[in-house]
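The chains referred to below are lettered A, B, ... by the order of the sequence lines, with proteins before strands, and numbering in each begins at 1.
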There are 2 protein chains.
Amino acid sequence: MGSGGGDGDVPDNSGADTKVRTLADLARLAGVSAGTVSRALAGKSLVNAKTRERIQALAREHGFRPNQMASKLRSRRTGVVGVVIPLGHEKRQQISDAFFLTLLGHLADELTESGYDLMLSRAIPDGSSDWLERMTGSGMVDGVLLIGQSDQFDVIEQVSASYRPLVAWGTCREGQHHCAVGTDNLAGGRMAAEHLIASGARRLAFLGETLGIEIEERHRGVAAAAAEAGVDLLHIPISLASAEMGAQIKAATEENEHDVDGIVAASDLIAMNVLHCLHEQERRIPDDTQVIGFDDLPLAQLTMPPLTTIRQEIAIGAKAMVDKLKARIAGEEPAGLKMPPRLVQRGTTRPV
Amino acid sequence: MGSGGGDGDVPDNSGADTKVRTLADLARLAGVSAGTVSRALAGKSLVNAKTRERIQALAREHGFRPNQMASKLRSRRTGVVGVVIPLGHEKRQQISDAFFLTLLGHLADELTESGYDLMLSRAIPDGSSDWLERMTGSGMVDGVLLIGQSDQFDVIEQVSASYRPLVAWGTCREGQHHCAVGTDNLAGGRMAAEHLIASGARRLAFLGETLGIEIEERHRGVAAAAAEAGVDLLHIPISLASAEMGAQIKAATEENEHDVDGIVAASDLIAMNVLHCLHEQERRIPDDTQVIGFDDLPLAQLTMPPLTTIRQEIAIGAKAMVDKLKARIAGEEPAGLKMPPRLVQRGTTRPV
DNA sequence: GTCCACCATACAAACGATTGTAGACGCCGA
DNA sequence: TCGGCGTCTACAATCGTTTGTATGGTGGAC
């Protein structure tokens, strides 16, 4: 009363000058109560249309917007989705993986479309489930999206037992508890190997470390196909972090250049590096060595020759993740989605 | 007392069963007041060390963590930094730009390191300054980082007049009000053009639309160098969105194949596409046509031949942005940073 | 003319934490 | 034994909204 009421006293500094920070401030200016202002700004029909517009105009004029923290606290709905990237194996990995970044971009687009904000968290698992519960248990988000499962399958499984609005990208195992959207990596790996074998490869190599569950399945698929066809398979555990990748691949390709004629790379990025190294060693692609990638990032079309790869439907997957999360936030329990991979034949393998 | 103390009474359902969601719940269990629990969990020295540890153990046991919304509301400090990507020109652009995504990754790393969470927002400017003020005015974040300025220089300038903790990536103009960290694009463009001219190019082309201020400056730099040397310069406004880029570049390179012998691409991604198209047209690089990119993304090393490009120090820039933002949050007013570009000579230009 | 219904607004109680301050308790010296 | 002092804890106000309910006023029907 005493301090605030500058309305009538000094007409000078009345209007746009005094900073209006709270609903109460605006209410005083409009001559109504805070509750009414709240409803007016929310566009509720309980307030008179004329009053509503007057208040909205006033708010616009003063550049006022309600404090989100207070709003979220009261309404117990944050309008925020947490997106966490578990950096499990590979402690030193930055968020620089091209696939994850691409997926993140699509998720951001989908979430924005649905009116959600996105809280990004780079999590480095430390043995406990803390890295995940920090997000789920904080009351800061309505739901959580996991970009990849890394080697944290068990933790995710455990947390999801009590925290329902959680959807992960990655492998969808039989009987698993949590909701996952991903590509059938086993089928993808098999598909890649079978393609190479069909087009004449006899000594295969799989490039990529299998600490993460997704990559491990790709490798299993490749191994299964190789075993069935009776061809050799070499596993070279290339790091997924792009910083180390280059040197490791260089070493690997030089060392094994004598006997490998078909390479399955765990990702397109590895494949690009392989292409580069093979080219330096003047191996002809696909004549001397065939190469096949995984992901089908936009870049795959731009290599020379263009990269044959196993396509993951990132955009579709991102949309599915967001849709399923929204359903879970609403209390439903949609099942996971295992998308079939697709072979995109380009120039680094011989046509069958 | 009556309800909570299951320790001795019924050892069965005593502990982890009853859900403890609030400080008050935990306080009841511990037989202390909520205030004490709050201080204990915050590690304050005002509570007895023994009590503190007992409470912390209890919290751990029940998987309790304080509601962040309430905490942030009361303490008026969110521990969150907003990162917004303005999609000004190019309404249909997804967050898929490789450079922005890379910068985002580094920002995420730096912010995590500093204990901040990251709130990502894809903003589509609509003529007003609403897209930015939605973030700055909401009380949701302690500060805002802008990934690129797009064509929104004026809006940013205006908002930053009253909202101090704001740092943008991008061009650092003379006399501008807001704090920006970025590469000297003018110098970069000039550097690229001078390099091409020095190595024999006489008919230059700049590929990339100049709606965004950064690209526009690169173009100006190229134009200045071209004018000084008296060589022709063609400007072909390629879209920055990767979806449309391919076709546009294909059309452009086919049309102009007769007279361009030096290409400055507005980004590495454009350069990669150019390489691809030129290769299809069986032009020899760098003998028939020289190409130079901008950014020096990790991919630039993997093209064939490896891409000559103007390097932007993304990691260093990200760190600078976060440092300056932290200083601004603390009330200081650090100046912007204009980093010198660096020419990385690889295989798509002739050595001088 | 009275009463009912109804619309618009005011009031006040949450939401769940943080934090200044007052008070309880134990310990010490006199 | 008592006062003073230093530690620790309880109490209560506060952050800024949202939302259920009470209340005031207006119009129409009988």
State plainly whether the residues A:R122 and B:E113 are in salt-bridge range, i.e. N to O under 4.0 Å.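 Counted as a salt bridge, because a side-chain N and a carboxylate O are separated by less than 4.0 Å.
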Salt bridge check: are A:D117 and B:R134 linked by an N-O gap of less than 4.0 Å?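 Salt bridge between A:D117 and B:R134, a charged N being under 4.0 Å from a carboxylate O: yes.
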Just call it for B:S71: base, sugar-phosphate, or nothing, with non-hydrogen atoms closer than 4.0 Å on any strand.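 Result for B:S71 = sugar-phosphate.
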Mind listing the N/O atom pairs, protein and nucleotides 4-6 of chain C, below 3.5 Å?
none

Going 5' to 3' along DNA chain D, between which two nucleotides do contacts with chain A fall, using a heavy-atom cut-off of 4.0 Å?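 From 5' to 3', the first and last contacting nucleotides are D:dG16 to D:dG20.
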So, the side chain of A:T78 versus the backbone of A:D142: is there a donor-acceptor pair under 3.5 Å, distance only?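 Answer holds: yes.
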Kindly say whether A:A34 contributes a backbone atom to a donor-acceptor pair with the side chain of A:S38 at under 3.5 angstrom?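 A pair under 3.5 Å: no.
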Take atom CG of B:L26 and atom C1' of C:dA17, then tell me their distance rounded to the nearest Å.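 Atom CG in B:L26 sits about 13 Å away from atom C1' in C:dA17.
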Write down the protein N/O and nucleotide N/O pairs, taken from nucleotides 11-15 of chain C, whose separation is under 3.5 Å; answer none if there are no such pairs.
unit_1, atom_1, unit_2, atom_2, d
C:dA14, N3, A:R74, NH1, 2.8

Testing the 3.5 Å rule here: is there a donor-acceptor pair between the side chains of A:H178 and A:E157?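 Result is yes, a qualifying pair exists.
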Can you tell me if the side-chain N/O atoms of B:K44 get under 4.0 Å from OP1 or OP2 in C:dT19?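 Yes, because at least one side-chain N or O of B:K44 sits under 4.0 Å from OP1 or OP2 of C:dT19.
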Distance test, side-chain N/O of B:S38 to OP1/OP2 of C:dA17, below 4.0 Å: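 No.
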Nucleotide-resolved protein contact map, nucleotides 22-28 of chain C, B/S/- at heavy-atom distance under 4.0 Å: -------
For DNA chain D, find the residues of residues 46-55 of chain B with a heavy-atom distance under 4.0 Å and give them by number; none if there aren't any.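 DNA chain D contact set from residues 46-55 of chain B: B:L46, B:V47, B:N48, B:T51.
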Looking at residues at least two apart in the chain, or sitting in another chain, which of them share a salt bridge (charged side-chain N to carboxylate O under 4.0 Å, His left out) with A:K326?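 Partners of A:K326 by the salt bridge (charged side-chain N to carboxylate O under 4.0 Å, His left out) criterion come out as none, since no residue qualifies.
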